[in-house]
Structures are given as C-alpha cells and as structure tokens.
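This structure is a prediction, so every number in the text was calculated from the model and none was measured. Quick note: residue numbers are just sequence positions, from 1.
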Amino acid sequence: MEKIVIIGGVAAGATAAAKVRRLSSDAQITILEAGADISFANCGLPYYIGGDIKSRSKLILQSPESFKDEYQTNVHIHTAATEIDRVNKVVHTVDARTGEKKQFEYTKLILAQGGKPIAPPLPGADQDHVFQLWTLDDMDKINSFIVDHQPKTAVVVGGGFIGLEMTEALAKRGMKVSVVEMMPHVMAIMEAEIAGFIQEELIAYGVDLYTNKALSEIHKNTVLLKDGTKVEADMVLLSIGVRPTLKLAQESGLELGAAGGLLVDSTLKTSDDNIYGAGDMIELEHRVLGKKVRIPLAGPANRQGRIAAENAMGQRHEYKGSIGTSIVRVFEAVAGTTGLSLKAARAEGINADAIVIHKEHHTSYYPGAELVTVLVVYDKETGTVLGGQTAGYKGADRRLDVIATAVAAKLTVSDLTDVDFAYSPPLGNANDAINMAAYVAENRISGFSPSLTISELDAHLEDKKALWIDLRDVFSFEKAHVEGAVNLPFEMLSSNLDKLPKNQLILLYDKTGKKGHQALRTLVGAGFTNVLNVSGGFMSLSNYARAVKPQNFVLVLPAPEQKKLGETEKEEKEVVVKEEVKKEVPTGPLVIDVRTPEEYAYGAYPGAINIPLDELEDRVSEIENKERQIILYCASGARSAYALQILKAYGFVNSENGGGLARMMARSRR
C-alpha cells in the first residue's frame with residue numbers, strides 16, 4: 001500500500017491529495033500543514049477585505065474534516081515538518097499548539113510548502129498597525145483592525161498583484177490609500193504603457209503613487225521614505241514579494257536550483273527519487289526560454305500538484321512548464337501579461353520586436369464599446385509569438401488568453417491573422433483585436449509599416465531631432481500633445497505634403513495608431529524615406545507618460561477625470577444638445593454638424609449647430625429658408641454626404657457637404 005505524505009495543504013498540496021485518491025482507493029494519504037487552514041482561497045482574501053466577497057466561509061474550500069470525509073485523507077493542521085529522514089522515509093513533525101512530536105512514514109513524499117511573504121527588516125515593521133496578507137488569519141487581523149480602529153489613511157508597500165488588489169480593497173473600506181513602489185512604475189513585470197493604464201485608474205480613484213521610491217521607516221501614523229517624504233498611514237500593508245519555503249528541503253539535502261527554488265525534473269521529482277515538489281517553492285521550466293525560473297502563481301501550482309500526484313503514484317506525466325500568465329483588476333481597469341516582455345526577450349538575446357494596437361472590444365456601433373489594448377512580442381526572424389500584454393475595461397482577459405495559447409503552441413503572428421474568433425456585434429469584431437495586432441506585426445516585420453513601441457521610441461530619439469506630426473483633430477490636440485508636435489489632421493495630410501521635410505525623421509501619431517499607419521503609407525508613396533509610425537498612437541504615448549517620465553520627448557497630461565467608488569459600470573453618458581435653427585435673417589451660411597451629441601460636445605466648428613443625422617428628417621422643418629446656403633459636416637464626410645441627400649430631397653438647393661471636421665476647421669482658419 002502506498003503511503004503518500006504531503007507537506008503543505010493549500011493549492012498544490014490539496015490538489016495532490018485529491019488526485020492521489022482519485023487514482024487509488026486504498027492509498028494512505030496524509031497532509032501535514034503548518035498553518036491553521038487547508039485548501040482556502042488565498043487569491044480571494046483581498047476581495048473579502050474590500051467587501052466584494054461577503055461571506056468568509058466561501059473562502060474555505062475544505063476543512064480537515066471535510067477532506068477526511070470526501071478523500072479519506074488524514075489532515076494534521078498546526079503541524080510543522082521539522083526533519084525528513086530520507087533513508088528511513090520518515091517525516092518528523094511538531095505540533096505548534098502542544099509541542100507534541102510525531103513521525104509519519106511515507107513511500108512517496110510531496111513537498112508543497114509554498115512560500116512566505118518577504119518581511120523587510122525595517123524600523124517599525126513590528127507594530128500592530130503593520131500587516132502582510134497571506135493566510136486567513138492575516139485577513140482576519142486586517143479586517144478586525146479596520147473595524148476596531150477605523151483607519152483613515154493606509155500605505156501599501158509594493159505595487160504588484162496583491163498590493164494593488166489590496167489598494168482597491170482598502171479604498172473601498174473608506175481609506176485614503178498611498179502606494180509606495182521602488183520600481184519606476186507599478187506592475188513592474190509589465191511594459192510601462194500597460195502599467196500606465198493601471199496607474200491612471202489608480203490616480204482617478206484618488207490613490208497617491210510614490211514610484212521609484214523606497215520605504216525607510218514606519219512610525220505610528222506615518223511612513224518615511226528614503227528620499228525624506230512622509231506619508232500618512234494609520235495602517236500599513238507590506239506586499240513586496242514572496243520567498244519560497246526551502247528550509248526543510250535544504251536541511252534534508254535536496255538540491256536547489258540557480259533560480260532559488262527547489263530543483264525538480266520534468267516529472268516534478270526532486271534529487272530524491274521518492275520525493276516530489278510542487279507549487280511556489282519549486283523551480284520550473286519557462287516554456288519560451290527553456291530555462292529554470294520561479295513563477296509563484298495559483299494556476300501552475302494547482303496543475304503541478306496534480307502532476308506530482310500522478311507521478312508519485314507510478315504514472316508518467318511530464319510538466320511542460322509555465323509562461324507566467326497573470327492578470328489583475330484594479331477598480332474597473334484590467335491588465336495582464338503572458339510569456340516574455342520585449343525587454344525580457346531582448347535581454348535573453350532574442351531578436352524580438354513588439355507592436356501595440358488599441359481596438360474596440362466589440363463593434364464600435366454597438367453601445368458600450370471599450371478600447372482594449374493588445375501588445376504582442378514576437379521573434380523578428382520567425383514571427384513566433386513570444387509573449388504579450390493586454391489592458392482595458394472590457395475584453396482584456398479574453399485577448400490575453402489567446403496570446404497565452406499562441407505562446408504555448410508556438411504560433412506565429414501570421415497564424416493569428418487567420419484565426420476565426422467568435423463574432424457578433426455585442427460580443428466582438430469581424431476582425432478581432434488579436435487579428436489586427438497580428439496584421440500590424442506582419443507590417444512591421446515586412447517593413448511595410450515601420451513602427452516603434454513607446455519605450456523603443458524613447459530610446460531611439462536620444463541625440464536625434466524629429467518632426468512629430470499629430471494626426472488627430474484640433475480639439476484632441478489642444479487637450480494634450482507631444483511638445484513641439486505639429487497638428488496636421490490626417491484628412492489634411494495629402495494637401496500639405498509639399499510643406500514637410502523629406503530628409504528629417506518624421507514621427508506620426510493619431511489616437512490609436514491606425515491612421516498613423518495610413519499616413520505613413522501616404523508619405524512613403526510620396527517619396528519620404530525616414531518615417532515611423534508611433535505604435536499605439538497617442539493612447540500609448542499617454543499611458544507611457546503616466547507610468548514613467550520620458551527621457552527624449554515631453555508630454556504634459558491633464559489630471560485624469562476623477563472617479564468615485566460605487567460606479568462599477570462605465571455608463572454611456574447621454575449628452576443632449578438641441579439647438580433651434582435661428583429664425584432671423586441669415587448673414588452667412590448655416591453650418592450643421594450631423595454627428596452625435598457626444599461628438600459635438602467634444603468640439604465643433606465655431607457657430608455650427610448640432611442636428612444629428614438620425615434627427616435630420618424630423619427637424620428639417622426648422623430650416624425655413626430652402627435657398628439659404630447650408631454646409632453640412634461630420635467626422636469624416638460620410639454621414640454628411642447622407643445628410644446632403646436628405647436636404648436635396650426636401651428641396652434645399654444651396655446645400656453642400658463640407659466633409660470632415662478637420663477640413664471644416666481648416667476652412668475656419670483661412
């Protein structure tokens with residue numbers, strides 16, 4: 001009879017025990033857990049503190065008793081393994097409550113001790129208002145402190161996954177929250193422009209960010225940063241990383257790896273043939289790099305527990321490794337990463353490039369469309385997808401899963417161009433954001449549309465002089481633009497080519513990068529040879545500038561629009577703009593803007609009235625003089641062309657299509 005002993009009873013350990021029982025009805029299974037709980041939802045702890053999860057009991061997936069009933073497994077909590085006698089296959093333990101010592105024999109042993117949050121040796125870190133979050137007990141202490149002391153301010157040290165989830169949770173509990181992060185931006189594993197999207201959301205909800213700064217001391221109601229900054233803090237949460245629990249393995253003589261974790265082979269077997277490892281304590285193979293790394297995530301830990309159990313029971317299941325797919329939601333903003341970042345790929349000597357696109361998560365004409373950002377990293381020579389990142393309010397998770405699948409399957413960007421994604425106007429696009437990202441990557445690889453991501457561009461501009469051309473409308477340009485940029489809306493580009501220098505580096509950007517590509521092809525066709533499209537356009541520029549200070553260009557951004565907790569849905573604001581046509585004798589042409597009220601409110605031709613195309617026939621009677629000169633316009637000239645047909649059908653003989661907003665604004669300047 002197999003005697004399976006599992007040290008550690010949370011993600012990997014509990015999964016391993018359940019799998020052993022499914023494989024064998026008579027195996028003797030024992031779980032040794034040093035803590036008070038097994039199989040609890042540690043990823044859900046911040047959401048209980050924040051109030052999203054109302055019932056604490058829902059976080060308890062199993063108890064020692066329920067595990068015994070369901071899996072016939074003996075669970076010993078508060079039981080710390082102190083020694084592994086590998087020769088005699090015995091685990092020595094001590095009960096933390098009573099001091100009682102016990103021995104447990106095994107035929108196979110699975111180590112799943114996970115990790116522990118790093119506790120920095122800072123002055124004041126041992127005070128009662130300083131916390132870490134790792135267990136249910138930690139969660140209960142934080143919750144009790146909030147209830148009992150009603151803190152008004154909080155400092156979260158560390159801008160990673162748990163740190164940001166707790167930032168939201170504490171804000172939801174009514175605190176003014178500050179985040180201290182020693183790296184240049186939060187979510188250091190993500191590209192700056194993806195992290196910038198998250199940072200803008202944090203700022204919008206009133207969170208103060210102290211990036212590129214380190215904590216020095218913790219006092220009763222403040223923390224002191226190393227640069228001398230004092231930040232108010234009635235409570236402090238330390239969330240600066242996780243260190244694998246390796247003391248037992250190390251003292252048992254098991255081999256550790258270069259990445260700082262327990263070394264295992266592809267079957268998750270350690271250097272001892274009878275001992276397996278799983279979860280946050282082990283090293284695993286990165287599926288892109290092909291080398292050992294540590295990736296402490298719940299998904300891989302659960303899969304490793306299952307595989308370790310299979311192999312301990314005599315089967316052979318090789319673990320293929322992980323690509324580190326992870327995602328975070330902060331308030332309403334979502335961002336995720338998988339595989340390699342561009343920086344990481346190049347640091348490994350891979351000839352890699354990246355592109356960024358922003359596209360509606362479903363068709364733009366269906367209500368509720370939100371832009372989703374897709375960044376794809378690929379091998380320039382083969383086109384193989386190496387990694388990617390996504391961000392947005394809706395649809396970021398779905399696109400991240402596609403990129404993760406592409407990385408795991410070693411698909412190329414060309415493979416992604418031809419994937420049929422589910423499409424219906426409320427759910428997607430005929431050409432999904434992934435398809436579009438793949439097209440853009442192909443264009444960069446072939447040289448058809450040379451582009452640079454913002455981080456590449458910032459480095460590329462060192463010691464270079466460039467002409468920035470902002471292709472957006474004048475109203476967007478006036479709100480914010482790259483310092484020194486020339487505003488030349490895309491619609492006006494062709495008629496102004498003779499004014500542009502052919503021998504100077506020209507950088508093109510619109511809102512998302514799409515018109516930048518069109519403009520680049522226009523310039524290339526006209527003989528311009530030193531032109532680059534800014535990948536992701538102004539959205540990427542602004543996200544990057546939110547995260548880090550650009551070194552070689554200047555972009556001053558207005559403060560983001562403030563948001564309030566409780567606004568869980570980004571609702572479309574109905575803008576009502578109804579202007580009656582003036583009845584007095586006209587002194588000039590009547591200019592009618594046939595765009596939506598939302599578009600009109602953003603910025604319009606001086607003196608224009610707004611009659612949306614959908615309302616024009618119902619309101620045509622307001623225009624009494626059919627011989628009056630009428631100029632119609634919209635965003636591009638398409639809707640105003642339809643409006644012109646309507647007016648002509650009603651007998652308006654002196655009307656014309658003024659085209660798009662850019663052409664109209666150019667007319668106003670003449």
Within the side chain of Glu191, is there an N or O that forms a donor-acceptor pair under 3.5 Å with the backbone of Leu342?
yes
Could you state the interatomic distance from CG (Asn429) to CZ (Phe421), rounded to the nearest 0.5 Å?
11.5 Å
Spatial distance of atom CD1 (Ile110) from atom CG (Asn311) [nearest 0.5 Å]
9.0 Å
No-hydrogen, no-angle side-chain donor-acceptor test under 3.5 Å, Gln62 and Ser66
yes
Heavy-atom neighbours of Glu232 CD exceed 12 at 6.0 Å:
no
Polar side-chain atom of Lys292 near backbone of Val264 as donor-acceptor pair, under 3.5 Å
yes
What's the shortest heavy-atom distance between Thr211 and Val186, and which atoms?
CG2-N, 4.3 Å
For Arg22, side chain to side chain donor-acceptor pair (under 3.5 Å) partners two or more places apart
none
Would you name the heavy atoms of Ile38 and Pro64 that are closest together and state the gap between them?
CD1-N, 4.1 Å
To the nearest 0.5 Å, tell me how far Lys116 NZ sits from Arg243 CZ.
13.0 Å
Of all heavy-atom pairs between Thr453 and Val356, which one has the smallest distance, and what is that distance?
CG2-CG2, 4.3 Å
Taking atom CD1 of Ile118 and atom CD1 of Ile240, what is their separation to the nearest 0.5 Å?
5.5 Å
Mind running salt bridge (Lys or Arg N to Asp or Glu O under 4.0 Å) on Asp208 and Lys176 for me, showing each step along the way?
CA-CA 8 Å; Asp208 290 336; Lys176 170 67 176 177; 3.4 Å; yes
Quick check for you: to the nearest 0.5 Å, what is the distance between Ile146 atom CD1 and Ile49 atom CD1?
6.0 Å
Give a yes or no answer on whether the side chain of Arg287 reaches the backbone of Gly290 with a donor-acceptor pair at less than 3.5 Å.
no
Write down the atom of Ala301, the atom of Ala11, and the distance for their closest heavy-atom approach.
CB-CB, 4.3 Å
Testing the basics here: between Tyr393 and Lys563, what is the closest heavy-atom pair and its distance to 0.1 Å?
OH-NZ, 2.9 Å
In Å and rounded to the nearest 0.5 Å, what is the CG to CG distance from Leu225 to Asn212?
12.0 Å
Whether over 12 other heavy atoms sit under 6.0 Å from Met313 CE:
yes
Result for side-chain hydrogen bond (donor to acceptor under 3.5 Å, both in side chains) between Asp432 and one of His361, Lys359, Arg399 points to Arg399
Residue among Glu283, Glu348, His286 satisfying side-chain hydrogen bond (donor to acceptor under 3.5 Å, both in side chains) with Lys291
Glu348
By the definition side-chain hydrogen bond (donor to acceptor under 3.5 Å, both in side chains), identify the one residue from Gln562, Glu332, Lys172, Lys564 that meets it with Tyr205.
Glu332
